[in-house]
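Below: one structure, written as structure tokens.
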Amino acid sequence: LGHRTSATSPVVAAALHAAAEFVQGAKAPDLRLQFALLVHTDEAAMSRFVRDVEGAIVCLCKDIGPSSEPLLTEEGLLNQWRSDIEAFRRRCKEIWELY
């Protein structure tokens, strides 16, 4: 993104900044349990995080253009993201249930 001047770049930067702010809570090892519990219990914050990352994916795909590689298309990337985030949510739920 550093050299792009596309109008989507500020949108992507803002979305990624918001997503990074959300995951900042997991940066310190002693806060990871608290972060996992937050992921499971704060649906609004988690929804914003998911929306921010999805928005960045969509903008980047539009900025870069179509790909002939199915996994690198907007649909492929969004499907992978959604699969990964659901696995992450399940793991956080397991941690919440154990805690």
Side-chain angles (χ1 to χ4, degrees):
L1 284 180
H3 69 282
R4 289 195 178 270
T5 58
S6 168
T8 60
S9 294
V11 173
V12 172
L16 292 177
H17 177 75
E21 287 289 315
F22 179 76
V23 297
Q24 187 71 21
K27 186 176 179 180
D30 58 328
L31 296 177
R32 289 187 183 146
L33 174 61
Q34 180 181 348
F35 179 72
L37 298 175
L38 171 80
V39 166
H40 179 67
T41 59
D42 191 341
E43 185 58 39
M46 191 62 190
S47 292
R48 279 190 305 276
F49 169 66
V50 169
R51 218 175 26 251
D52 288 337
V53 173
E54 287 182 359
I57 291 170
V58 169
C59 285
L60 285 170
C61 287
K62 286 183 183 359
D63 202 25
I64 293 168
S67 172
S68 60
E69 182 66 37
L71 294 177
L72 297 179
T73 63
E74 181 179 321
E75 180 181 4
L77 291 169
L78 285 172
N79 286 339
Q80 184 62 55
W81 163 248
R82 289 171 182 150
S83 174
D84 291 345
I85 203 65
E86 282 309 310
F88 177 64
R89 282 179 156 166
R90 280 191 304 275
R91 184 66 182 129
C92 290
K93 180 182 179 187
E94 291 170 7
I95 292 168
W96 178 81
E97 288 171 347
L98 290 171
Y99 184 75

Please report the interatomic distance [atom1]([X]) to [atom2]([Y]), rounded to the nearest 0.5 Å.
X	Y	atom1	atom2	result
Lys93	Leu37	NZ	CG	14.0 Å
Trp81	Leu77	CH2	CG	12.0 Å
Cys61	Leu72	SG	CG	8.5 Å
Ile95	Arg90	CD1	CZ	13.0 Å
Ile85	Cys92	CD1	SG	8.0 Å
Phe35	Gln24	CZ	CD	10.0 Å

Check your understanding: Using 4.0 Å as the upper bound for N to carboxylate O, is an ion pair formed by Arg91 and Glu86?
Key ->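 Here Glu86 does not pair with Arg91 in a salt bridge, since their nearest N and O are not under 4.0 Å apart.
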
Check your understanding: Would you call Arg51 and Glu54 a salt bridge, using N to O less than 4.0 angstrom?
Key ->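 Salt bridge between Arg51 and Glu54, a charged N being under 4.0 Å from a carboxylate O: no.
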
Point to revise | Phe22 and its side chain to side chain contact (heavy atoms under 4.5 Å, CB included) partner, picked from Leu38, Val50, Asp42, Asp52 | key: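 Among Leu38, Val50, Asp42, Asp52, the one meeting side chain to side chain contact (heavy atoms under 4.5 Å, CB included) with Phe22 is Leu38.
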
Might you confirm whether atom [atom1] of [X] has over 12 heavy atoms from other residues, nucleotides or ligands at distances under 6.0 Å?
X	atom1	answer
Trp96	CH2	no
Gln34	CD	no
Glu97	CD	yes

Practice item. Answer with yes or no whether the hydrophobic clustering places Leu16 together with Met46; edges join I, L, V, M, F, W, Y residues whose side-chain heavy atoms lie under 4.5 Å apart. Key: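 No; tracing contacts between hydrophobic side chains, which count when under 4.5 Å, never links both residues.
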
